[in-house]
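Each chain gets a letter, A, B and so on, in the order its sequence line appears, and its residues count up from 1. Please read all numbers here as calculations on a predicted model, not as lab measurements.
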Amino acid sequence: MSPRPDRPPIDGRDARGPRPGRRCDHTDIPSVASRRRSHAMQNGNASDQDKLYRIRHSTAHVMAQAVLEIYPEAKIAIGPPIDTGFYYDFDLGAADDGRPRTFTPDDLERIEARMREIIKGNHRFAYREVSADEARALFVDQPYKLELIAGLAAGGVDEYGNETGAAPVISTYRHDTFEDLCRGPHVEHTGQIPGNAFKLMSVAGAYWRGDEHNPMLQRIYGTAWANKQQLFEHLQMLEEAKRRDHRKIGRQLEIFTFDDEVGPGLPLWLPNGGTMIEELERLAKEVEAEAGYARVRTPHLSKEDLFLRSGHLPYYAESMYPPMEMEGVRYYIKPMNCPFHHKIFGATQRSYRDLPVRLAEYGTCYRFEKSGELFGTMRVRSMQMNDAHIYCTEAQFEQEFMAVVAMYRRYFDLFDIDKFVMRLSTHHPKGLGKKYVDNERLWLETEDMVRRAMVNGGVPFVEVADEAAFYGPKIDVQIWSAIGREFTLATNQVDFAQPERFALTYVDEHGEARTPLCIHRAPLSTHERMIGFLIEHYAGRFPVWLCPEQARVIPITDDHNGHAASLARQLAAEGVRATADLGADRMNAKIRTAQLMQVPYMLVVGDREVAENTVSLRRRDGSRANDVPFGALLATIKDKVASRAKDL
RNA sequence: GCCACCCUAGCUCAGUGGUAGAGCAGCUCACUCGUAAUGAGCAGGUCGUCGGUUCAAAUCCGACGGGUGGCUCCA
């Protein structure tokens with residue numbers, strides 16, 4: 001099973017907002033926790049979820065007690081339940097060498113052992129409400145708690161520091177020797193925590209309140225379940241996720257590789273990956289031609305002036321490779337294609353009759369992602385984007401925007417992608433002039449336009465504030481990697497800022513110059529992220545049209561090599577990617593090899609097949625068909641490819 | 001970038017102070033086989049790099065590089 005959610009939580013609400021009946025997605029959990037979604041939590045009923053929530057929350061408290069016993073000087077921060085368990089953040093103070101003390105893997109074992117002892121004590125969880133002064137006295141040695149209490153006392157902030165807008169009630173839960181600032185709920189006593197259904201998983205650094213300017217705390221992640229079987233299933237699911245990991249399959253299927261000397265985040269596409277890229281581009285070009293896009297091509301770098309005009313440099317210089325200087329002029333490698341497309345739009349005089357203008361390009365971009373942010377091919381520094389920019393009038397906007405959304409859905413149908421969330425990202429007033437172009441009126445107008453278009457089109461979406469692009473709101477399509485990491489696969493952005501900055505105009509029916517709106521869109525994402533995602537989505541078993549190798553001819557003995565080679569040539573002549581395995585292996589070994597490479601069609605040929613020009617067909621799924629006339633099979637394969645069929 | 005952990009042959013891994021091993025893959029030979037591994041032989045590593053400790057370092061320490069899990073970030 002994949003840890004991605006079974007059903008996208010499409011409910012028209014903020015993805016981080018409260019959702020009835022799902023305590024593990026309650027607002028008192030920091031945003032990261034609520035963004036990861038658990039398989040189990042989606043399936044269980046409300047009372048199961050409530051029970052798991054209590055178990056996890058209580059296990060976190062027990063862990064904090066164990067940590068405080070081992071490190072009495074430790075300062076405790078926050079410890080919420082998350083969708084597969086819980087975590088707790090600690091500040092362990094300075095070690096002898098003056099550097100921050102950190103947990104060791106041995107600590108985890110000790111802490112876990114002590115936790116089991118505490119659980120056996122059947123200590124009751126006791127709730128009480130306290131005044132702000134009492135709370136301050138209770139946690140006088142706990143600076144992080146004091147900070148949270150200050151927020152609670154001031155109102156509108158919960159015990160995790162998240163804004164609630166609710167009236168402040170300060171409460172604590174106490175069990176055994178440990179009392180924590182906490183709203184609960186908890187199990188009745190520690191004996192209700194199954195001692196064989198939790199496991200401390202990892203140690204990680206985490207910034208206090210998620211802000212990298214704050215000190216880094218030590219976080220321990222744990223997983224906790226209602227019983228031993230559930231824990232076992234969860235651990236098995238993690239193993240299965242590792243098997244589908246695109247980094248592993250990408251190596252096994254010889255799709256891509258990385259080389260230390262080339263550099264981190266700079267994938268090398270092997271021939272199999274190259275083939276897949278060609279197929280994706282073929283798809284995109286067909287679909288875009290049909291939808292009235294024109295193809296353009298632009299350079300990989302430009303003068304600094306271009307990115308100053310676009311506004312990218314002041315906003316995103318950190319994510320760009322540093323400039324290079326030639327003949328006294330600074331050049332940047334492009335992190336995006338839009339400024340170039342804007343220049344193409346602006347290169348000719350445009351009439352309202354020409355609009356919409358849709359410019360498409362699989363543009364190659366380079367972004368300097370921090371080293372710790374790289375992740376296989378899903379997060380890289382060089383990428384080729386399924387990019388296009390649509391220039392249109394305000395009157396055309398809704399239709400154009402929804403046509404792009406329809407294009408997403410067409411692709412997602414083709415790939416059977418049903419686990420995703422469409423997310424409308426809007427601005428936040430506090431970021432105006434910093435993260436965002438400073439024009440609140442246009443922000444509100446375009447956000448409303450997008451919202452209206454989505455609602456009119458009947459497209460479910462969630463809305464999140466403060467996640468927009470600097471030039472406008474956007475609709476992102478969020479997907480999850482095999483190991484549960486969330487990514488934006490496709491994006492659809494409204495840009496009300498750049499057309500003006502580039503002085504782009506068209507002449508309207510009254511002869512007046514007007515500024516067009518621009519829609520940025522990338523439904524097929526980047527090749528890097530798309531192929532990484534597809535590898536995990538299909539676990540390497542791609543539909544025939546996308547397979548690097550579509551058919552392999554396997555002779556039974558050397559006597560059939562000539563015939564096998566001839567069949568492979570005939571397949572290739574008809575555009576089917578096929579090879580003949582003429583090696584010294586036995587037939588069984590050749591089948592195994594082809595099977596491991598996920599070749600969809602294996603054509604076994606022996607004496608009978610040579611005599612009758614048939615093949616004995618083995619498909620990747622293990623199904624077989626004997627005495628298939630070669631011509632008929634060739635026609636079938638060609639049809640599966642041409643129709644981009646989902647089946648074999 | 002920050003915290004923790006990891007890096008031994010193309011791949012998966014064993015080896016925890018006395019100078020390197022296995023399986024698979026590769027190559028050669030034999031076998032000529034009916035739907036997931038035929039057998040034998042050969043070759044392949046300055047143990048990520050550099051420095052330190054030691055009579056002796058894959059093994060201990062440090063720096064750097066790369067990776068993994070998180071945090072931050074994600075146009």
Participant: By the salt bridge (Lys or Arg N to Asp or Glu O under 4.0 Å) test, which pairs, at least two apart or in different chains, include something from residues 360-387 of chain A?
Facilitator: A/E212-A/K370, A/E369-A/R379, A/E373-A/R379

Participant: So A/D558, base contact, sugar-phosphate only, or nothing? Heavy-atom distance under 4.0 Å.
Facilitator: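 Base, at least one base heavy atom under 4.0 Å.
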
Participant: If you take the centroid of each ring, where Trp contributes its six-membered ring, are A/Y321 and A/F368 closer together than 6.0 Å?
Facilitator: yes

Participant: Heavy atoms from C-beta onward define the side chain here; which of B/rG1, B/rG69, B/rC33 lies closest to that of A/M587?
Facilitator: B/rC33

Participant: Measure from the side chain of A/R586, starting at C-beta and using heavy atoms only, and say which of B/rU38, B/rC3, B/rG34 lies closest.
Facilitator: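 Taking heavy atoms from C-beta onward, the closest nucleotide is B/rU38.
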
Participant: Starting from the 5' end of RNA chain B, give me the residue, A/A469 or A/R624, whose nearest nucleotide shows up first.
Facilitator: A/R624

Participant: Can you see if the side chain of A/R247 gets near the phosphate of B/rU68 - specifically, an N or O under 4.0 Å from OP1 or OP2?
Facilitator: yes

Participant: For A/P335, which contact category applies under a 4.0 Å heavy-atom criterion: base, sugar-phosphate, or nothing?
Facilitator: base

Participant: Here's a test for you: under ring-ring contact (aromatic ring centres under 6.0 Å, His included), which of A/F420, A/F375, A/F533 qualifies with A/F487?
Facilitator: A/F375

Participant: Checking contacts here: which listed nucleotide (B/rA36, B/rC73, B/rG70) is nearest the side-chain heavy atoms of A/E373?
Facilitator: B/rC73

Participant: Tell me the partner of B/rU46, counting only Watson-Crick (N1-N3 plus N6-O4 or O6-N4) or G-U wobble (N1-O2 and O6-N3) with both under 3.5 Å; none if nothing fits.
Facilitator: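 WC or wobble partner does not exist here.
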
Participant: To the side chain of A/R219, which of B/rC31, B/rC71, B/rG34 is closest?
Facilitator: B/rC71

Participant: Side chain of A/D260: nearest nucleotide among B/rG66, B/rG34, B/rU38?
Facilitator: B/rG66

Participant: Using a cut-off of strictly less than 4.0 Å, decide whether A/S202 has a side-chain nitrogen or oxygen near OP1 or OP2 of B/rG70.
Facilitator: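 False: A/S202 side-chain N/O out of range (4.0 Å or more) of B/rG70 OP1/OP2.
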
Participant: Measuring from the side chain of A/R251 (C-beta onward, heavy atoms only), which nucleotide among B/rU12, B/rG34, B/rU72 has the closest atom?
Facilitator: B/rU12

Participant: Compare the minimum distances between each of B/rU72, B/rC3, B/rA36 and the side chain of A/R618, then state the nucleotide with the smallest one.
Facilitator: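 Per side-chain heavy atoms of A/R618, the pick is B/rA36.
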
Participant: With side chains defined as the heavy atoms from C-beta onward, is the minimum distance between A/Y601 and A/C547 less than 4.5 Å?
Facilitator: no

Participant: If you pin A/N626 and A/G210 to their nearest nucleotides in RNA chain B, which one's is more 5'?
Facilitator: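 With A/N626 and A/G210 compared, the 5'-side residue is A/N626.
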
Participant: Near A/R101 CZ, under 6.0 Å, is it more than 12 heavy atoms from other residues, nucleotides or ligands?
Facilitator: yes

Participant: Taking 4.0 Å as the cut-off, does a side-chain nitrogen or oxygen of A/T102 come that near to OP1 or OP2 on B/rA4?
Facilitator: yes

Participant: Short of 4.0 Å, heavy atom to strand atom, which residues of residues 380-389 of chain A count as contacting RNA chain B?
Facilitator: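 Those residues: none at all.
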
Participant: Name the one of A/H341, A/Q493, A/Q498, A/H342 that satisfies side-chain hydrogen bond (donor to acceptor under 3.5 Å, both in side chains) with A/H389?
Facilitator: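 Of the listed residues A/H341, A/Q493, A/Q498, A/H342, the side-chain hydrogen bond (donor to acceptor under 3.5 Å, both in side chains) partner of A/H389 is A/H341.
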
